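What follows is one structure encoded as structure tokens, with my remarks underneath.
These figures come from a predicted structure and were not determined experimentally.
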Amino acid sequence: MELSDLSAYAETKYHIREEHKWADFPGFSVLSDPGSGKWLALLMRQWDSMSGIEIQRCDIKCGQDLQMMHDRPYLCQPFRMYGSRWTGVTFDSRTEEDVVFRLFDEAVSALTPNGCTIVLENSPSETQVVCPEAERRTSDENFHLPSSAVPDRILRMIHLYEYTGSSFTQKCRNFLIQGKFMEDYEDNAPWNGELRCYFPVYHDLNIGQLRGYFTWRTGVRKGIFSPVSPSLAYIYLYELLNGIGASSAQDSMDRMVAFEKGFLDESMGDAVMRRNLHRWMFDFAVINSLSVETALCHASRKAVKTDTALAVLRDPDNHSDDEIYSSLCAFAKKKPEQSLIMRKYPDKGKHVFASVWKEVSSAISVDGRNPFTICFGIQKEYPWHPLINAVYHETRKHLNMEYTLTPCRTYICRDGVWREKRYDSLNFDLKTFNALVHETDRLLRLSLRCGHYLKKADGCSWAEECIRKVIEAERKAEEEASRPPITIDISSLDKIREDASLTRDSLLTEEDMEDYENDVVETGLGTDDESGAEDSSIIPYSELLTLLLQGQPVSSYLSDRHLMPSIAADTVNEALFDLIGDNILECDGDTLTLVEDYREDVLDLLGGKMNGK
């Protein structure tokens with residue numbers, strides 16, 4: 001933020017122009033009340049030859065909020081002015097517009113003239129001072145009304161004004177009292193003049209202006225919006241904020257929405273009025289506990305976007321890759337979507353960036369803080385002043401309450417004092433955050449060998465192992481996914497075994513068949529009874545079993561018969577499974593072995609005799 005932003009705000013909202021009073025000190029200027037000439041802010045610009053930049057500072061006459069000064073480093077004791085009524089402000093990249101504008105609003109609201117009301121007409125040079133005790137006059141010199149022509153209701157309203165003090169609070173209280181009295185009043189005396197004053201109230205208007213305002217309001221309440229001086233339009237909004245002319249808080253909100261559509265959307269206002277209206281509608285929704293959806297419609301889009309991203313990064317396990325990636329982009333200095341990785345591998349890039357944040361969030365803790373807390377701090381409570389820049393008088397004492405706008409922002413009222421609990425950007429460590437994003441990008445480029453390599457980021461060694469772990473897991477997952485699937489149809493195993501048996505028999509020579517018959521005779525197997533039928537399938541393998549029992553090599557036996565070790569093992573195991581209840585042979589490549597636990601069972605099966613024993 002720069003000083004020129006504050007000057008533009010003062011001129012746009014309050015018609016206060018920056019004044020350069022000292023020719024010898026061109027860097028100094030003031031913003032002062034156009035009526036009384038009292039200073040509201042002292043602006044200071046000084047060129048620093050060492051750094052080659054202009055140092056911008058100011059003193060604002062808004063009082064000193066010590067808690068706010070402690071929370072925001074750009075706020076301090078005044079630089080040139082003296083006393084507790086002044087606060088110093090340094091203007092740089094950290095300075096928040098909303099805060100500075102609010103401080104200036106407080107300075108303006110505190111400067112209520114003693115004993116008179118200031119009304120600015122068509123131009124600042126035609127300032128009219130109307131004393132409360134004096135008879136009110138119209139700004140139109142040709143317009144005169146005898147007292148008998150003034151509606152009795154308006155005269156009675158004027159007499160309701162209490163001159164018990166000149167504070168802004170008393171001004172707001174008088175406005176509420178008079179507004180309630182005139183709540184249902186209607187008139188038919190249009191006024192088309194111009195009126196310029198800040199925080200306008202009924203007391204600032206003469207008779208013609210009052211009747212003109214109530215005439216315009218009569219049409220508005222019937223849905224007829226017509227052009228009117230901005231100050232009169234502000235009075236209508238102040239009425240709604242104070243519940244004047246509305247049956248409930250929701251009714252006030254609905255009427256403000258209608259005003260935006262019928263007045264502002266039809267170019268009968270300006271951007272400043274729209275900005276003020278949205279701020280008031282948001283504040284109004286919170287303090288009256290209207291629905292969160294209503295408040296969100298008028299909340300700062302920037303604040304809601306920030307809170308949404310923070311909520312995702314604080315609890316990444318419950319969010320998708322797209323949500324996490326978008327939230328990372330919300331805070332990244334160099335947007336990840338502009339990375340070479342994202343241009344070449346968008347889906348992979350999103351997944352890796354999201355997975356890295358998940359991994360570091362769950363696996364890393366530095367001094368008892370997780371990466372989210374390191375990068376974004378913790379939620380803290382800050383003073384919150386709803387409707388501070390509006391004419392508003394609170395008639396009720398709020399009970400202790402909490403209003404949760406987003407998972408990362410809550411408004412709390414305790415004993416009538418409001419505070420806002422949120423994450424403050426002043427506590428963000430975006431240097432560490434951006435180092436993490438940069439290092440993820442760098443290591444992913446190295447892994448994919450896509451060129452345009454980056455330099456290693458400082459201050460991210462704590463996360464490097466997690467980043468490499470995620471990238472390696474992604475690589476292995478891709479390799480696994482690239483392998484063709486292998487499908488085994490178990491129902492076809494019987495057919496495979498049958499084909500293997502046919503193949504085996506076709507390879508047996510005549511000599512093999514003779515050996516087969518001799519084996520049948522020698523072992524006594526192959527009888528026609530039931531058990532013999534079951535065992536006949538292993539008859540060709542009696543010699544094989546004998547060799548295994550003797551610990552002799554069987555490779556020659558198998559090769560002479562053109563048998564595969566695995567097929568021989570499967571055939572024997574299947575034939576004897578019903579008798580023994582388990583596999584008796586094991587095959588490891590080309591090696592067949594007999595399971596030692598079943599040696600005696602095989603001996604019994606072969607008649608207890610082994611050749612050559």
Donor-acceptor pairs under 3.5 Å, side chain of residues 98-105 to any protein atom, not counting sequence neighbours: which ones?
| residue | atom | partner | partner atom | Å |
| --- | --- | --- | --- | --- |
| Asp105 | OD1 | Tyr9 | OH | 2.8 |
| Asp105 | OD1 | Lys13 | NZ | 3.3 |
| Asp105 | OD1 | Tyr14 | OH | 2.4 |
| Asp105 | OD2 | Tyr9 | OH | 2.9 |

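- Remark: Lys38 does not engage Asp33 in a salt bridge, criterion side-chain N to carboxylate O under 4.0 Å.
- For Tyr74, there are no ring-ring contact (aromatic ring centres under 6.0 Å, His included) partners, not counting sequence neighbours.
- Pairs engaging residues 462-476 under the salt bridge (charged side-chain N to carboxylate O under 4.0 Å, His left out) rule: Glu359-Lys469, Lys456-Glu464, Glu464-Arg468, Glu472-Arg475, Arg475-Glu479 [sequence neighbours left out].
- For Asn288, the side-chain contact (heavy atoms from CB on, under 4.5 Å) criterion is met by Ala249, Phe284, Leu290, Arg396, not counting sequence neighbours.
- Judged by the 6.0 Å distance and 45° axis criteria, Arg45 is not positioned over the aromatic ring of Phe28.
- For Trp22, the ring-ring contact (aromatic ring centres under 6.0 Å, His included) criterion is met by Trp39, not counting sequence neighbours.
- Evaluation of the salt bridge (Lys or Arg N to Asp or Glu O under 4.0 Å) rule for Lys348 yields Glu478 as partners, not counting sequence neighbours.
- Lys380 is linked by a salt bridge (Lys or Arg N to Asp or Glu O under 4.0 Å) to nothing, counting only residues two or more places apart in sequence or in another chain.
- Looking at residues two or more places apart in sequence or on another chain, you find a side-chain contact (heavy atoms from CB on, under 4.5 Å) between Leu454 and His438, Asp441, Arg442, Arg445.
- Looking at residues two or more places apart in sequence or on another chain, you find a side-chain contact (heavy atoms from CB on, under 4.5 Å) between Asp254 and Gln250.
- Tested against Phe199 for a side-chain contact (heavy atoms from CB on, under 4.5 Å), the candidates Tyr234, Phe168, Phe175 yield a single pass: Phe168.
- For Arg279, there are no salt bridge (Lys or Arg N to Asp or Glu O under 4.0 Å) partners at least two apart in sequence or on another chain.
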Pairs of donor and acceptor atoms involving the side chains of residues 411-418, under 3.5 Å and at least two apart or interchain, shall be tabulated with distances.
| residue | atom | partner | partner atom | Å |
| --- | --- | --- | --- | --- |
| Tyr411 | OH | Glu420 | OE2 | 2.7 |
| Arg414 | NH1 | Glu381 | OE1 | 3.0 |
| Arg414 | NH2 | Glu381 | OE2 | 2.9 |

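- Residues forming a salt bridge (Lys or Arg N to Asp or Glu O under 4.0 Å) with Glu402 (at least two apart in sequence, or on another chain): none.
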